[in-house]
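All remarks here apply to the structure that follows.
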Amino acid sequence: APGEELNIAREMQDLTLRIVAKALFDVDLHAGHEDLGQQFTNVIENPVQLPFSLRGLPINLPFTPYGKNMAGRAALDTYVYSLIAQRRADGQDRGDVVSMLLAAQDTEGDGAGLTDRQVRDQTMTLLAAGHETTSNALTWTMYLLSEHPEIMERLLREIDEVLAGRAPTTADIPKLRYLDWVFNESMRLYPPAWTQGRHAIAPFERAGYTFPAGTMVMLSQWVLHRLPEIWGDAETFRPDRWDLARGETVPQGAYFPFGSGPRMCIGMPFAQLEMRLLLATILQRYTPKLIPGWPVVPRPRVTLRPKYGMRMTLTSSPLLGAQA
C-alpha cells in the first residue's frame, strides 16, 4: 500500500520465487511453502567453506553459518523430493519442467529415465537460478532509480506513453526501449552474478604466461563492467550509454551479466522478459524510495545481494493520477 515501508530485496525474492515455481513447475508457493525463500537465503548467505582447522569438528549447530546452510539445504531437499514423489505417484503430464524431467529417457544408453537425484539436481538448479538473480536485478534497479529521480521520471514517461495505463504484455517490451537501457545499465553496475569461473579445455597463453588444460579461470563482471578504460564514466548510472544512435560501443566480452559463450545462462530470455514486465507493472502503481540513511552495501556471495537488505518506502506512482 502507498506509504508502506518494505524490504524490497526480500519482497522481490518472494515474488520471483513464486513466479518461477508456478511458471516452470506448476506449483503455488502460497500453499504452505512461503519460507522457501528464507531457506535459499540460508544457503546463499552462509557459505560452507570452512577453515581447515575446523573441518571434522561438530559445528553443525543451528546458530552457526554452517548449521544454517545445512538446515536450508535439508529443507529445500525435503520440498523438492516430496514434489518428485507426488508427481511420480500421480503419473500425470502437467506440461511443466518436472513432468518433462520425469518423462526424459537416455536415448544413447539403456533408455532408462532420470533418477530422483538427477531430477532433484535439475529442479533445484532451475528454482535457485530462476529467481535469485532476477530478484537481485530488480532490487538494484529500484535502488538506482530511487537515487536518480531524473532517470525515474524519464522511465515513467516512457511507460505512460507506451502503455497508457494498461498492463504490459510481451508485445510491449520492444517498445519500452528506455526500460531496456535502464536494466542494461543496472546490471552493468550491479551484476547479479558478479563472478564466474571457466575450466580451460586446452592449454593457452595470456599476457606472457602459459596455462595448462584444466586451469580454472575466474572472470568478474563487477570488475570488467566498471573499467574506466572501457566505459569512461564507469561509476555513473547512465542508461543513455546503451542508445546505439549515440555511437558508443562495448568491446566483445566486456559486458556479460548472463555469462557468455556456450555456457551462457539458459534462463536469460525468461529473466529479461520477467524483469521488464514486473518493473513496468510496479512503477505504474508505486514509486519506491530508499529510506534516508539506509546503508547500501553490496554483499558478494554466490550472487550480489545488498548486505542489509533494501528498505524502501512505496509512494503512489504519478502514473496513477495520469490514468484517473
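This structure is a prediction, so every number in the text was calculated from the model and none was measured.
- Between the side chains of Q86 and R88, no donor N or O sits under 3.5 Å from an acceptor N or O.
- Residues P288 and L314 meet the side-chain proximity criterion, which asks for heavy atoms closer than 4.5 Å.
- Remark: side-chain polar atoms of R285 are paired, donor with acceptor, to backbone N or O of T281 under 3.5 angstrom.
- The hydrophobic cluster containing L189 also contains L227, counting ILVMFWY residues as joined when their side-chain heavy atoms lie under 4.5 angstrom apart, directly or transitively.
- With a 6.0 Å radius and a threshold of 12 heavy atoms from other residues, nucleotides or ligands, E229 has its CD atom above the threshold.
- At a threshold of 4.0 Å, the pair R276-D172 does not count as salt-bridged, since none of the basic side-chain nitrogens sits closer than that to a carboxylate oxygen.
- Annotation: ring-ring contact (aromatic ring centres under 6.0 Å, His included) contacts involving residues 118-152, sequence neighbours excluded, comprise F40-H131, W140-Y190, H148-F237.
- Cluster partners of M216 are M218, counting Ile, Leu, Val, Met, Phe, Trp and Tyr whose side-chain heavy atoms approach within less than 4.5 Å, directly or via other members.
- Contact record, A137 with F183: O-CE2, 4.4 Å, taken as the closest heavy-atom pair.
- Without hydrogens or angle criteria, Q13 side chain to S135 main chain gives no donor-acceptor distance under 3.5 Å.
- L219 is connected to W194 through a chain of hydrophobic side-chain contacts under 4.5 Å among Ile, Leu, Val, Met, Phe, Trp and Tyr, so both are in one cluster.
- In terms of heavy atoms, L290 sits closest to R311 at CD1-O, 3.5 Å.
- The NE2 atom of H225 sits 5.5 Å away from the CZ atom of F256 when rounded to the nearest 0.5 Å.
- Other residues, nucleotides and ligands place more than 12 heavy atoms under 6.0 Å from the CE atom of M268.
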D233 and R238: CA distance, side-chain angles, deciding distance, salt bridge (Lys or Arg N to Asp or Glu O under 4.0 Å) verdict: CA-CA 9 Å; D233 53 343; R238 184 167 62 82; 2.9 Å; yes

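- Salt bridge present: D14 and R10 bring a charged side-chain N and a carboxylate O closer than 4.0 Å.
- Residues V20 and I266 fall into different hydrophobic clusters, defined by Ile, Leu, Val, Met, Phe, Trp and Tyr side chains chained together at heavy-atom separations under 4.5 Å.
- A donor-acceptor pair is defined here as one N or O able to donate and one able to accept, closer than 3.5 Å; no such pair exists between the side chain of R226 and the backbone of W231.
- For the residue pair S220/T195, the side-chain donor-acceptor check at 3.5 Å is not satisfied.
- Closest approach of V97 and L126 over heavy atoms only: CG1-CD1, 3.6 Å.
- Residues meeting the ring pair (Phe, Tyr, Trp, His ring centres under 6.0 Å) test with Y286, sequence neighbours left out: none.
- In plain terms, the two heavy atoms of T287 and S316 that are nearest each other are OG1-O, 4.1 Å.
- Of all heavy-atom pairs between F204 and A200, the closest is CE2-CB, 3.6 Å.
- By the 4.5 Å heavy-atom criterion applied to side chains, M12 and M310 are not counted as neighbours.
- Salt bridge E158/K175: absent, no basic N to carboxylate O contact under 4.0 Å.
- In the hydrophobic clustering of ILVMFWY residues, with side-chain heavy atoms under 4.5 Å counting as a link, M187 and L278 come out together.
- Between the side chains of S317 and Q284, no donor-acceptor pair of N or O atoms lies under 3.5 Å.
- The backbone N or O of D121 lies less than 3.5 Å from a partner atom in the side chain of T125, making a donor-acceptor pair.
- Remark: the N136 side chain and the T133 side chain contain no N/O donor-acceptor pair separated by less than 3.5 Å.
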Stepwise side chain to side chain donor-acceptor pair (under 3.5 Å) test for T313 and E5: CA-CA 4 Å; T313 300; E5 182 181 316; 4.8 Å; no

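- Taking both residues in full, the closest heavy atoms of W222 and P191 are given as N-CG, 3.8 Å, listed atom of the first, atom of the second, then distance.
- Salt bridge annotation for R157-E161: absent, with no cationic side-chain nitrogen under 4.0 angstrom from a carboxylate oxygen.
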Residue pair D26, K22: steps toward the salt bridge (Lys or Arg N to Asp or Glu O under 4.0 Å) verdict: CA-CA 4 Å; D26 193 25; K22 185 63 177 177; 3.2 Å; yes

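- Contact check on R87 versus D93 returns no salt bridge, with no Lys/Arg side-chain nitrogen under 4.0 Å from an Asp/Glu carboxylate oxygen.
- At a threshold of 4.5 Å between side-chain heavy atoms, the hydrophobic network of Ile, Leu, Val, Met, Phe, Trp and Tyr places I291 and L138 in one connected group.
- A side-chain donor-acceptor contact under 3.5 Å links W294 to the backbone of G309.
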Candidate pair Q122 and R120, rule side chain to side chain donor-acceptor pair (under 3.5 Å), full reasoning: CA-CA 6 Å; Q122 298 293 335; R120 174 264 180 204; over 6 Å; no

